Amino acid sequence: MDLVCCWHKEVVEPGGCPNIGEGEEVLYTSYQRRVLEKCIDCPNFRNDILKLQETGHPLGAVVPFLVGEVQEQRGRLQSMGSFLDSRDREIKFLHEISLVLQTSVDLDEVLSVVMTAITAGKGFGMNRAFLLLADKERKLLRGYLGVGPRDYGEAWGIWQEIQQGDFTLKEMAKDFYQTKLTSEKQKFHDILERMTIPLADQNHVLVRSLREKRPILVENAFHNPDCDHSLVQALGVDTFLITPLISRNRRIGVIISDNCITHKQITPQDVQSLETFAFSVAFAIERASLYERLQEELLKVTAANVKLKEQQELIVKMERMALVGKITSSIAHSIRNPLMIIGGFARTLLRGAAQDDPKREYLESIGQEARQLEEVLEDILNYSDSLYPTLDTWDVNQLVSSVCRELNGRLQERRVACRLRLEASIPPARIDYKQVAYCVRTIINTAMERMPEGGEIRAETLRENGWIVVEVWVSGVPLSPESIEAMTTPFGSTEELGSGLGVAICKTIMEKHGNIFEVSTPAGGGTRYIIKLPVNREETQHGTIAGG
């Protein structure tokens with residue numbers, strides 16, 4: 001029989017088979033490989049088989065059967081190879097994404113990677129994805145983030161941008177995190193707002209997916225009695241996939257994905273791939289959330305430590321002040337009685353002395369110095385009394401007005417104008433009237449001492465951020481920072497101001513009561529003294545002002 005194909009020859013001469021190309025010369029001598037790889041698909045081989053069948057040769061019935069089996073097995077091998085290739089690509093993809101997720105503890109960065117992987121063509125290729133996270137109390141599922149186009153026009157623009165950029169998945173996730181995350185949150189704000197589901201609602205399809213720890217592919221959603229109607233209306237699609245996010249039996253949230261633009265079918269392989277992906281996603285989200293909470297707690301602990309340190313320093317300062325107060329009070333009381341006797345005798349002798357008596361000048365000097373020492377002792381006793389304030393509710397405007405009226409005579413002698421600017425709506429304050437009045441009086445007296453040629457003092461009251469502010473502005477040359485520091489330090493002194501305790505006592509009194517005392521130099525010149533007193537909210541509500 002005249003056979004054309006070389007399938008019946010064990011060895012073929014070079015050029016004897018038209019199907020063997022360059023680089024395949026080994027097939028000339030490899031009979032089995034040549035038959036399986038070349039002869040089965042050769043037209044000459046099929047013609048030879050037809051001749052065998054026409055002549056009734058036994059091989060005419062056997063060879064076609066064997067060829068069919070070989071081709072079937074080859075198809076299976078090719079299908080399996082394609083399946084393994086796709087699985088290999090999926091594993092590499094999941095490995096790459098997992099590495100990215102493991103290296104980040106920023107929640108928004110993690111979510112950018114996750115949502116990009118789900119919606120990018122180089123990832124799972126879904127059109128849209130919505131993330132719902134459980135709240136801290138594990139009582140509600142709340143819509144947190146949505147990613148994807150809202151219509152075909154936007155989708156086409158995104159596809160064009162991706163095609164032109166040719167970014168890797170990692171680069172796309174980074175770009176999304178840096179430039180698009182905020183806008184995507186706002187874009188789907190209306191849908192995310194409608195996605196709030198109580199975790200106690202066991203019949204809800206999202207909660208059921210979490211409870212059963214398995215993905216649910218929802219089809220024919222608009223007519224599916226198992227689906228929440230409001231959820232379906234919010235999504236606006238008939239088919240979507242719910243993938244639960246569970247880490248160590250903790251319900252982290254769910255991802256809802258769909259193909260609202262392409263209407264591409266969600267295959268069982270898509271479901272399985274997203275389910276596998278969800279394990280690493282849930283762990284990464286939980287880790288990022290825990291890290292975020294850890295940072296919050298760390299900030300709280302740091303703030304508590306700072307406050308504790310401030311309190312400890314305040315306690316030490318108060319103890320020192322208390323000790324100084326006891327010492328000064330003891331010394332002041334020991335000196336006060338003899339000093340009063342000296343001053344009293346000097347004034348008595350002065351009243352009985354004639355105008356031309358040469359001793360009169362000495363008596364006047366003794367009386368003047370005694371009065372000055374009495375004022376210093378009064379400052380010291382005020383410093384000691386500031387440790388034990390007597391608090392009550394008072395009208396601050398009335399306090400400032402009274403102090404200015406009391407000092408009106410001295411102000412006129414010094415040619416100093418004192419102007420009041422009092423806010424009428426000032427509420428009452430809970431203060432020690434005597435000590436706060438002492439502070440205002442001391443500020444004005446200190447200002448007058450620095451104005452030998454006269455000047456202007458302006459006293460104002462106003463309300464500012466929960467405080468009642470008493471502000472005394474003094475005209476003239478502003479104080480230097482060194483002078484302010486010395487003035488507000490107990491027993492501090494400068495050449496410019498002399499020595500004394502007045503303003504320092506004011507600062508101590510205010511700080512002990514939890515108030516604020518500041519001395520500053522405004523841009524317009526002069527010096528500004530500021531006292532901030534807390535509003536007495538309780539008394540304000542009842543409408544009563546004690547002692548006002």
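As the structure is a computational prediction, the values presented were derived from the model and not from experiment.
Residues I531 and I516 form no side-chain contact, since every pair of their non-hydrogen atoms from C-beta on lies 4.5 Å or further apart. Considering only heavy atoms from C-beta on, Y529 stays 4.5 Å or farther from V470 through its side chain. Counting heavy atoms from C-beta outward, L111 and Y144 have side chains that approach closer than 4.5 Å. Between F240 and S257, every side-chain heavy-atom pair lies at or beyond the 4.5 Å cut-off. I40 places a side-chain heavy atom less than 4.5 Å from the side chain of Q71. At least one side-chain heavy atom of H204 sits less than 4.5 Å from a side-chain heavy atom of L231. A heavy-atom distance below 4.5 Å is found between the side chains of V519 and T527. Two residues are said to be in side-chain contact when any heavy atoms from C-beta on lie closer than 4.5 Å; N127 and T119 fail this criterion.
Other residues, nucleotides and ligands place more than 12 heavy atoms under 6.0 Å from the CD atom of Q202. When the shell of 6.0 Å around CD of E69 is examined, it contains more than 12 heavy atoms from other residues, nucleotides or ligands. Atom CD of Q32 has 12 or fewer heavy atoms from other residues, nucleotides or ligands within 6.0 Å. Around the CZ atom of F279, the shell of radius 6.0 Å holds no more than 12 heavy atoms that belong to other residues, nucleotides or ligands. Other residues, nucleotides and ligands contribute over 12 non-hydrogen atoms within 6.0 Å of the CD atom of Q73. The neighbour count for Y28 OH, taken as heavy atoms of other residues, nucleotides or ligands under 6.0 Å away, is above 12.
Residue pairs meeting the ring-ring contact (aromatic ring centres under 6.0 Å, His included) criterion with at least one partner in residues 33-54, sequence neighbours excluded, are W7-F45.
Formation of a donor-acceptor pair under 3.5 Å by the D395 side chain with backbone atoms of P428 is not found in this model. In terms of modelled atom types and a separation under 3.5 Å, the side chain of S30 and the main chain of V26 share no donor-acceptor contact. Judged purely by atom type and a 3.5 angstrom limit, N397 has no side-chain atom pairing as donor or acceptor with the backbone of L422. Of the possible donor and acceptor atoms, one in the side chain of D238 sits under 3.5 Å from a partner among the backbone N and O of F222. Under the 3.5 Å distance criterion, the side-chain polar atoms of R128 are matched with a main-chain donor or acceptor of L235. Looking at T55, its side chain does come within 3.5 Å of a backbone N or O of K51 through a donor-acceptor pair. In this structure, D48 contributes its side chain and C5 its backbone to a donor-acceptor pair below 3.5 Å. Judged by distance alone, with hydrogens and angles left aside, the side-chain atoms of R421 form no donor-acceptor pair with the main-chain N or O of T461 at under 3.5 Å. Using modelled atom types, one side-chain atom of K187 and one backbone atom of G148 make a donor-acceptor pair closer than 3.5 Å. A donor-acceptor contact shorter than 3.5 Å links the side chain of D270 to the backbone of T267.
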Practice item. With salt bridge (charged side-chain N to carboxylate O under 4.0 Å, His left out) as the test, would you mind laying out the steps for K136 and E296 before giving the verdict? Key: CA-CA 13 Å; K136 293 180 180 180; E296 292 175 358; 3.5 Å; yes

Exercise for review: Test E423 against S425 for side chain to side chain donor-acceptor pair (under 3.5 Å), laying out the working first.
Suggested key: CA-CA 6 Å; E423 187 174 310; S425 60; 3.2 Å; yes

Exercise for review: Just do the side chain to side chain contact (heavy atoms under 4.5 Å, CB included) check on R208 and I242 with the steps written out, would you?
Suggested key: CA-CA 10 Å; R208 182 153 53 89; I242 303 169; over 6 Å; no

Check your understanding: Given the rule in the side chain to side chain contact (heavy atoms under 4.5 Å, CB included) test, do L533 and M510 qualify, once you have shown the distances and angles that lead to the verdict?
Key -> CA-CA 8 Å; L533 308 170; M510 292 298 100; 4.0 Å; yes

Review point. For K38 and E24, what are the C-alpha separation, side-chain angles and deciding distance, and is it a salt bridge (charged side-chain N to carboxylate O under 4.0 Å, His left out)?
Key: CA-CA 11 Å; K38 301 296 182 181; E24 299 177 325; 3.1 Å; yes

Point to revise | Verdict with supporting geometry, L217 and I266, side chain to side chain contact (heavy atoms under 4.5 Å, CB included) | key: CA-CA 8 Å; L217 178 60; I266 300 176; 3.9 Å; yes

Exercise for review: Let me see the working for K300 and E297 under salt bridge (charged side-chain N to carboxylate O under 4.0 Å, His left out), right down to the final yes or no.
Suggested key: CA-CA 5 Å; K300 291 180 182 178; E297 294 300 323; 3.8 Å; yes

Check your understanding: Where do L107 and I285 land on the side chain to side chain contact (heavy atoms under 4.5 Å, CB included) test, with the steps shown first?
Key -> CA-CA 6 Å; L107 181 59; I285 292 176; 4.0 Å; yes

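Shortest non-hydrogen contact noted between G466 and V535 is O-CG2, 3.6 Å. I426 and R463 get closest at one heavy-atom pair: CD1-N, 3.6 Å. Pairing each heavy atom of C227 with each of A221, the nearest pair is CB-O, 4.2 Å. Taking all atoms of both residues into account, the shortest heavy-atom contact from I118 to A129 is CG2-CB, 3.9 Å. Scanning all heavy atoms of the two residues, the minimum distance from E471 to I530 falls at CG-CG1, 4.1 Å. L140 approaches L199 most closely through the heavy-atom pair N-CD1, 4.0 Å.
In this structure, OG on S273 lies 10.5 Å from CE on M126, to the nearest 0.5 angstrom. Taken to the nearest 0.5 Å, the CG atom of L274 stands 10.5 Å off from the CD atom of Q269. A distance of 8.0 Å separates CD1 in I256 from CZ in F130, rounded to the nearest 0.5 Å. Interatomic distance, OG1 of T239 versus CG of N259, reported as 9.0 Å (0.5 Å rounding). Atom CG of L50 is separated from atom CG of L52 by 9.0 Å, given to the nearest 0.5 angstrom. Note: I197 CD1 to L206 CG = 5.0 Å, rounded to the nearest 0.5 Å.
Between H189 and E193, the side chains place a donor N or O and an acceptor N or O closer than 3.5 Å (distance only, hydrogens not considered). The closest side-chain donor-acceptor pair between K213 and N249 falls under 3.5 angstrom. Looking only at atom types and distance, the side chain of N305 has no donor-acceptor partner in the side chain of T302 under 3.5 Å away.
Under the 4.0 Å criterion applied to side-chain N and carboxylate O atoms, E275 and R214 are not assigned as salt-bridge partners. Salt-bridge check for K307 with E310: failed, with every basic side-chain N at 4.0 Å or more from each acidic carboxylate O. Taking the charged nitrogens against the carboxylate oxygens, E286 and R250 do have a contact shorter than 4.0 Å, which makes a salt bridge. The pair E464-K532 meets the salt-bridge criterion, with a side-chain N (NZ, NE, NH1 or NH2) lying under 4.0 Å from an Asp/Glu carboxylate O. A salt bridge between D41 and R74 is present, with a side-chain N of the basic residue lying under 4.0 Å from a carboxylate O of the acidic one.
Relative to the six-membered ring of W473, R458 meets both conditions, a distance below 6.0 Å and an angle of at most 45° to the axis.
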